[in-house]
There are 2 protein chains.
Amino acid sequence: MVDVKLPDGFRLRPESMLCFDIYATHHAVGQVYQPLLSKLGLTYPQYLVMIVLWEQDRQTVGQLGERLDLASSTLTPLIKRLESQGLVSRKRDAADERKVRVLLTPAGIALEQEASHVPGCVAEAFGLSVEQFAQMHSLLGQLRRALKAQGDSEAA
Amino acid sequence: MVDVKLPDGFRLRPESMLCFDIYATHHAVGQVYQPLLSKLGLTYPQYLVMIVLWEQDRQTVGQLGERLDLASSTLTPLIKRLESQGLVSRKRDAADERKVRVLLTPAGIALEQEASHVPGCVAEAFGLSVEQFAQMHSLLGQLRRALKAQGDSEAA
DNA sequence: ATCATATATATCGTGTACGATTAAATCGTA
DNA sequence: TACGATTTAATCGTACACGATATATATGAT
């Protein structure tokens, strides 16, 4: 069990501090994206799905879930909302009819250009140096790997 | 399961990487807490509310929302669920009847002991050194301040 | 004292999120 | 080939989370 000196006035144990940190940061990130994305008619999770599809079109629901760590119970309704906005379409895989492939429509492809200013706006809002970006990426990656290992040993 | 895989060839800009990182880490943290907390009959957001109340009893809904960055539309039903479990009660402030104070019941107070193993379990799962804890706390704090400043200037 | 304004919480509608279950398609192996 | 086991999405019920709105209380200027 790890013990750390606390910043002045902060009465939580470090592990709680960090879980509050991550909870609050996640929230703050969503707040910065929200006004940018609402102009495009997207929510933040919908935007993440679109990013993954812009990287590679025609992925299955399962592949999207793997990338984003989301279950079909979350993705299926989310994708149907994207479909009803005309950004994607859904098609059963010909070779394996269990799989549903998500295809970008012309409007979905075009949206990438309309959204091209978003990453720059967000990067600016982040206010971190390149070194701090790298440091944070490394730390969060390490944390996630440790948490994943815990989850797996728990499941075993 | 708990990790978002970004395989080789998955090319994201750093700011996008970081937003994926935070999204995924937030999710992974929740996954580690979930099995520990379900034995106590709590969800992760409910646990955060209880932590804040264990620090200081009889806070108003607004104070809890300030601490956790949550609106009354989220907190009111959450607190009512805690109330229906007998962990807290709700009482209008005598001096200002607009305010609702949330009071720990004896069961709510006792739950702190039952939950005392949780922070240690999670800290272990985090798998970070003391220095890394401090580094992450510092970086996340800096990021949050920058994001909050951005949100404020946006609102102005 | 009265009324406009501000504050604190609650309510409503939409959209994630997840575990458990279901249903259909595929695969392995006898 | 046949059939049980596995895989893949979809569905269901519960619980956040937020913006917009409603309601009740409090405050302040006249």
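Chain naming here is simple, since letters A, B, ... match the order of the sequence lines and numbering starts at 1 in each.
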**Message:** Judged by each residue's nearest nucleotide on DNA chain C, which is more toward the 5′ side, A:His26 or A:Ala94?
**Reply:**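 By nearest-heavy-atom nucleotide position, the 5'-most residue is A:His26.
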Scanning all shown strands, the Watson-Crick or wobble mate of C:dC3 with both distances under 3.5 Å is D:dG28
Measure from the side-chain heavy atoms of [X] and tell me the nearest of [options].
X	options	value
A:Val100	D:dA10, C:dT9, D:dA26	D:dA10
B:Arg81	C:dT16, D:dC16, D:dT8	D:dC16
A:Ser73	D:dT11, D:dT6, D:dG19	D:dT11
A:Lys99	D:dT8, D:dA10, D:dC18	D:dT8
B:Pro45	C:dG19, D:dA17, D:dT25	D:dA17
A:Thr74	D:dC16, C:dA17, D:dT11	C:dA17

Taken to the nearest whole Å, CD/B:Gln85 to P/D:dA15 is 8 Å
Interatomic distance, B:Asp93 CG vs C:dT9 P [rounded to whole Å]: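 That distance rounds to 9 Å.
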Sugar-phosphate, base or nothing in reach of [X], heavy atoms under 4.0 Å:
X	answer
B:Gln63	nothing
A:Thr43	sugar-phosphate
A:Leu75	nothing
B:Gln34	nothing
A:Arg90	sugar-phosphate

Strictly below 4.0 Å: does [X] bring a side-chain N or O up to OP1 or OP2 of [N]?
X	N	answer
A:Thr60	D:dA9	yes
A:Lys80	D:dT11	yes
B:Thr76	C:dA10	yes
A:Arg98	C:dA23	no
B:Tyr23	C:dA17	yes
A:Gln46	C:dG15	no

Side-chain donor/acceptor of [X] to backbone N/O of [Y], under 3.5 Å:
X	Y	value
B:Arg144	A:Asp21	yes
A:Thr60	A:Val100	no
B:Ser84	B:Arg81	yes

Residues 97-113 of chain B vs salt bridge (Lys or Arg N to Asp or Glu O under 4.0 Å), sequence neighbours excluded, gives B:Asp93-B:Arg101, B:Asp96-B:Arg98
*Parallel, tilted or perpendicular: which fits the ring planes of A:Trp54 and A:Tyr47, with parallel below 30° and perpendicular above 60°?*
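It falls in the perpendicular class, over 60°.
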